[in-house]
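Quick notes on the structure that follows.
As the structure is a computational prediction, the values presented were derived from the model and not from experiment.
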Amino acid sequence: MRPTLLSAALTLLVAAPLAHAQVDRLPDIGSSAGELLTPARQQLYGAMTLRELRNYGYLLDDPLVDDWLDKVGGKLAANSDRPSQPFTFFMLRDRQINAFATLGGYIAVNSGLVLTAEREDEVAAVLSHEIAHVTQQHVLRGVERAKRDQVPILLGILGAIVAAQAAGGSSSGDASQAALISGLGLMQQRQIDYTRANESEADRIGIYTLQRAGYDPDAMADFFNRMDQVMRANRGGERERTPDYLQTHPVTTSRISEAHDRAERLKREKNVITTVSTPGGKITESNPREGNYAAGIRSNNPLLPFQVTLPASSFDSGGTGLFPWARERLRVLSANTAGEAIREYESIRRSTGELTAPQRYGLALAQLRNNQPAVAANAFAQLVQENPGNAWLGIALADAQARSGDMAAAKARFRDLLKATPNSRPVALTFAQLLNDQGDKSGGEQARAVLQPLLDASNDDPVFQAAFARACELAGDTVKAAEAYAQTAYLNGRPEQALIQLQNLKRRENLDYYARARVEARITAMTPEVLELRDAGVRDPDVDGNR
């Protein structure tokens with residue numbers, strides 16, 4: 001181990017609590033927030049954190065779940081007080097109840113939080129709170145407070161991994177996992193040390209974002225109430241520890257009450273009738289503070305006249321309608337084994353008498369993953385009849401048909417799905433995987449054709465890059481395959497491996513001018529990051545072992 005490096009990392013992670021005396025307020029003109037790290041640097045470190053989480057198996061990369069989370073998060077971000085701020089939302093497979101924001105607008109949600117929520121509005125309430133932490137620069141100011149004069153911040157994010165890797169030997173992977181668990185437990189929001197003022201501010205701003213996005217503002221108090229019940233249940237012993245979300249976001253009676261009062265006030269304001277004077281005369285309308293969201297959003301920017309109305313959000317009001325299906329999919333994907341998920345559904349059936357349609361979907365998905373494709377296909381077919389037009393069920397049925405040996409029916413269904421939802425990432429990726437599984441040139445060519453329309457928008461998508469790499473490999477395009485495999489390694493937190501793959505590719509004589517230019521540009525962009533990681537002591541153990 002490297003105790004000095006680990007100590008430095010942990011010092012950065014826990015330094016913020018020592019500076020707790022100063023209460024943060026809204027950023028003023030002249031605030032130093034942003035001087036320590038530029039927006040580009042914040043984005044870099046946020047992306048590196050995401051890749052390292054993926055490298056050690058914490059991410060739950062699923063096209064359907066990702067699509068749902070992006071829709072919810074995107075709707076909230078578009079209705080936040082800084083809609084131009086870029087956000088990246090991602091799901092972790094851990095069943096602990098937690099969510100956190102980090103640099104660059106990267107926001108994580110644990111599967112356990114979704115499983116605990118009873119409706120999408122509650123998940124949206126948590127996301128709107130985390131979005132407010134980013135837009136109000138709580139994340140950045142917390143980092144600045146913790147380590148004003150020492151960069152890179154990356155050391156604090158990756159230091160625990162470095163120390164564990166330095167142990168070497170066959171146990172280094174397990175040590176890295178353990179170090180990440182403990183390191184992330186500190187980092188996830190304690191590195192920020194949100195003060196009570198920060199938390200109150202995030203609640204207050206988040207609830208306005210929640211309502212502007214068309215969600216129920218009562219959901220914030222409802223979720224706090226549920227968390228309070230969990231906390232009370234855990235006080236009886238140490239068998240089940242208090243969820244991380246309650247440790248980093250303490251729920252108090254006053255906080256629940258304030259959230260409830262804000263929601264009631266917002267609902268009252270929405271029904272107030274008022275007369276607004278305009279150059280064209282007087283207009284009587286409701287909800288002067290929040291605006292009529294069907295027609296447009298009233299600006300709450302104090303620098304703009306009150307009469308200014310912003311264009312309405314492109315999103316429809318309310319939820320996506322996908323929450324029950326997403327929750328059950330997460331129940332299966334976050335389970336340790338498919339058999340364990342099946343037993344969980346059996347327990348639910350015993351306690352409730354029967355399963356809901358989304359729960360039946362989850363059970364069939366678990367059966368499919370448990371190598372029972374025929375049983376799953378029958379269940380999905382029944383659900384499709386009951387819920388026509390549900391793309392999640394259509395994808396599941398096509399996948400089950402393929403795994404049952406009815407490839408013709410599966411391909412026909414996937415083509416119908418692509419026709420109904422052109423350029424759908426979940427449909428394209430699932431179909432391409434099925435075609436790649438054929439293992440022949442024809443399958444690879446078909447998979448590449450399915451993926452090609454999404455290629456330009458998928459440079460940061462490791463699931464897509466891996467599928468595209470395999471498709472190109474099967475189709476005989478070894479150069480494109482090598483490029484995509486290198487990008488997959490990079491996005492999976494292995495930049496050294498990616499760099500070596502690109503350097504080997506550059507030596508090939510069959511590269512044309514354009515391919516060589518792409519490879520050289522990628523090497524140039526990737527090299528500084530690899531060097532910075534090496535300077536921080538972070539090395540890929542697989543790469544080092546091969547030298």
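The pair R425-D67 does not count as a salt bridge, with every side-chain nitrogen at least 4.0 angstrom from each carboxylate oxygen. E473 has a carboxylate O that lies under 4.0 Å from a charged side-chain N of R470, or vice versa, which qualifies the two as a salt bridge. No salt bridge links R226 with D222; every basic N to acidic carboxylate O contact stays at or beyond 4.0 Å. In this structure, E328 pairs ionically with R331, as a charged nitrogen and a carboxylate oxygen lie closer than 4.0 Å. Of the charged side-chain nitrogens involved, none lies within less than 4.0 Å of a carboxylate oxygen, so that E122 and R327 do not count as a salt-bridged pair.
Relative orientation of the W68 and F323 rings is tilted, given thresholds of 30° and 60° on the angle between their planes.
Scanning for side chain to side chain donor-acceptor pair (under 3.5 Å) contacts around Q497 gives D540, with sequence neighbours left out. For D66, the side chain to side chain donor-acceptor pair (under 3.5 Å) test picks out no residue, with sequence neighbours left out.
For the residue pair E120 / T320, a side-chain donor-acceptor distance below 3.5 Å is found, with atom types taken as modelled. Using modelled atom types, one finds no donor on one side chain facing an acceptor on the other under 3.5 Å when comparing H133 with E201.
Under the 4.5 Å side-chain criterion, counting only non-hydrogen atoms from C-beta, I131 is in contact with F89.
Within the 3.5 Å criterion, the main-chain N or O of D216 finds a donor-acceptor partner in the side chain of D121. With hydrogens and angles disregarded, no donor-acceptor distance shorter than 3.5 Å links the side chain of Q136 to the backbone of A202. Using a distance-only test at 3.5 Å, with no hydrogens or angles considered, no donor-acceptor pair links the side chain of S347 to the main chain of R343.
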Practice item. Could you check Q43 against Y106 for side chain to side chain donor-acceptor pair (under 3.5 Å), going step by step and ending with a plain yes or no? Key: CA-CA 8 Å; Q43 178 72 18; Y106 284 76; 2.9 Å; yes
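Between T209 and L76, the closest heavy-atom pair is CG2-O, 3.3 Å.
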Below 3.5 Å, can you tabulate the donor-acceptor pairs from side chains in residues 372-385 to any protein atom, sequence neighbours excluded?
unit_1 : atom_1 : unit_2 : atom_2 : d
Q372   : OE1    : N370   : ND2    : 3.2
N378   : ND2    : A374   : O      : 3.4
Q382   : NE2    : E386   : OE2    : 3.0

